[in-house]
Amino acid sequence: MAIYVDPTCPFAWITSKWLAEVEQHAGLEVRRELMSLSVVNEGRELDAWYRDYNEGAWRPARVAAALLASAHAERWTDFYETFGQRRHVGGLRDDAQNIALTLDELQLPAGLAGAAEETSWDADLRARTKIATALLSDDGGTPIVRIGDRGFFGPVLTAVPRGDAAVRLWHAVSTLATIPSFSELKGARDEHLQTH
């Protein structure tokens, strides 16, 4: 079981937090893998606001890629959680400041922050994202969840299900994954995100 996430994506954050609930209440083990929303959107027509967001998303993902290539690769999940807590729950949108604070708090090399501006990490991000999106038969963003040998874009959630609700959702999603002909389920999205 794995979830592929971009550090700046609030939907990936919420789905990751849901799966953390499932880990706690149902004993599921979930690997968190890096992918890049910026890579997913390369070459796409984007609204101006989303194009700016997408350009900014390269930087934290590059730092994460550099971390995964370093002697501190096992700290990737800590980085994701700490960076995400500040960004998605605390509201810190200054990614450079968040990266610096996160590296400092986790006692990781401050020099990793320099990767944010190094486009040399983009090939690594493209390769990681290709692995994630190869699980889909169509385009997808982040999060991508892998259950067994199947991958799905989502579930896209606007709030974190807790306790029994988290486990019930997991049973529903994992059951759908056992149906070879199941492809997609989509509903109206509540745009008010609750990331905590």
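Residue numbers count from 1 along this sequence.
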Quick check on the hydrophobic clustering: are [X] and [Y] connected, directly or via other members, by side-chain heavy-atom contacts under 4.5 Å?
{"X": "Ile3", "Y": "Leu176", "result": "no"}
{"X": "Phe153", "Y": "Phe182", "result": "no"}
{"X": "Phe152", "Y": "Leu28", "result": "no"}
{"X": "Val156", "Y": "Leu169", "result": "yes"}
{"X": "Ile14", "Y": "Val167", "result": "no"}

Worksheet entry | Salt bridge present between Arg86 and Glu81 (N-O < 4.0 angstrom) |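 Salt bridge absent between Arg86 and Glu81.
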Worksheet item: Is it true that Lys17 and Glu23 make a salt bridge, defined as a side-chain N closer than 4.0 Å to a carboxylate O?
Response: no
Discussion item. Quiz question: by atom type and distance under 3.5 Å, do the side chains of Trp121 and Glu118 form a donor-acceptor pair?
Written reply: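 Yes, side-chain donor-acceptor contact under 3.5 Å.
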Fill in: Donor-acceptor pair between Ser16 and Arg32 side chains, under 3.5 angstrom
yes
Any donor-acceptor N/O pair, [X] side chain to [Y] backbone, under 3.5 Å:
{"X": "Arg150", "Y": "Ala177", "answer": "yes"}
{"X": "Arg62", "Y": "Glu117", "answer": "no"}
{"X": "Thr15", "Y": "Pro155", "answer": "yes"}
{"X": "Asp124", "Y": "Ala65", "answer": "no"}

Practice prompt. Compare every heavy atom of Asn98 with every heavy atom of Phe83, then report the nearest pair and how far apart it is.
Written response: O-ND2, 3.0 Å
Worksheet entry | Least distance between heavy atoms, Gly141 atom then Met35 atom | O-CE, 3.5 Å
If you round to the nearest 0.5 Å, how far is [atom2] of [Y] from [atom1] of [X]?
{"X": "Glu21", "Y": "Arg162", "atom1": "CD", "atom2": "CZ", "result": "4.5 Å"}
{"X": "Thr82", "Y": "Ile99", "atom1": "OG1", "atom2": "CD1", "result": "13.0 Å"}
{"X": "Glu55", "Y": "Asn41", "atom1": "CD", "atom2": "CG", "result": "10.0 Å"}
{"X": "Leu108", "Y": "Ser70", "atom1": "CG", "atom2": "OG", "result": "7.5 Å"}
{"X": "Leu67", "Y": "His72", "atom1": "CG", "atom2": "NE2", "result": "8.0 Å"}
{"X": "Leu157", "Y": "Gln194", "atom1": "CG", "atom2": "CD", "result": "11.5 Å"}

Practice prompt. Could you check Trp58 against Leu125 for side-chain contact (heavy atoms from CB on, under 4.5 Å), going step by step and ending with a plain yes or no?
Written response: CA-CA 9 Å; Trp58 281 107; Leu125 290 171; 4.0 Å; yes
A side-chain contact here means heavy atoms from C-beta on lying under 4.5 Å apart; do [X] and [Y] qualify?
{"X": "Val40", "Y": "Asn54", "value": "no"}
{"X": "Val145", "Y": "Met1", "value": "yes"}
{"X": "Trp18", "Y": "Val30", "value": "no"}

Worksheet item: Run the salt bridge (Lys or Arg N to Asp or Glu O under 4.0 Å) check on Glu33 and Arg146 step by step: do they pass?
Response: CA-CA 10 Å; Glu33 303 283 354; Arg146 190 186 75 215; over 6 Å; no
Fill in: Intermediate values then yes/no, side-chain contact (heavy atoms from CB on, under 4.5 Å), Tyr80 and Leu34
CA-CA 9 Å; Tyr80 178 70; Leu34 176 65; over 6 Å; no
Worksheet item: Of Asp94, Thr195, Thr8, Asp95, which meets side-chain hydrogen bond (donor to acceptor under 3.5 Å, both in side chains) against Arg87?
Response: Asp95
Practice prompt. Mind running side-chain contact (heavy atoms from CB on, under 4.5 Å) on Leu103 and Gln107 for me, showing each step along the way?
Written response: CA-CA 6 Å; Leu103 294 174; Gln107 298 181 332; over 6 Å; no
Practice prompt. Answer yes or no: does atom CD of Glu29 have more than 12 heavy-atom neighbours from other residues, nucleotides or ligands under 6.0 Å?
Written response: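 Not more than 12 within 6.0 Å, no.
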Practice prompt. Give the intermediate values and the outcome of side-chain contact (heavy atoms from CB on, under 4.5 Å) for residues Tyr4 and Thr129.
Written response: CA-CA 8 Å; Tyr4 295 82; Thr129 303; over 6 Å; no
Practice prompt. Could you check Asp47 against Arg51 for salt bridge (Lys or Arg N to Asp or Glu O under 4.0 Å), going step by step and ending with a plain yes or no?
Written response: CA-CA 6 Å; Asp47 290 337; Arg51 188 171 49 252; over 6 Å; no
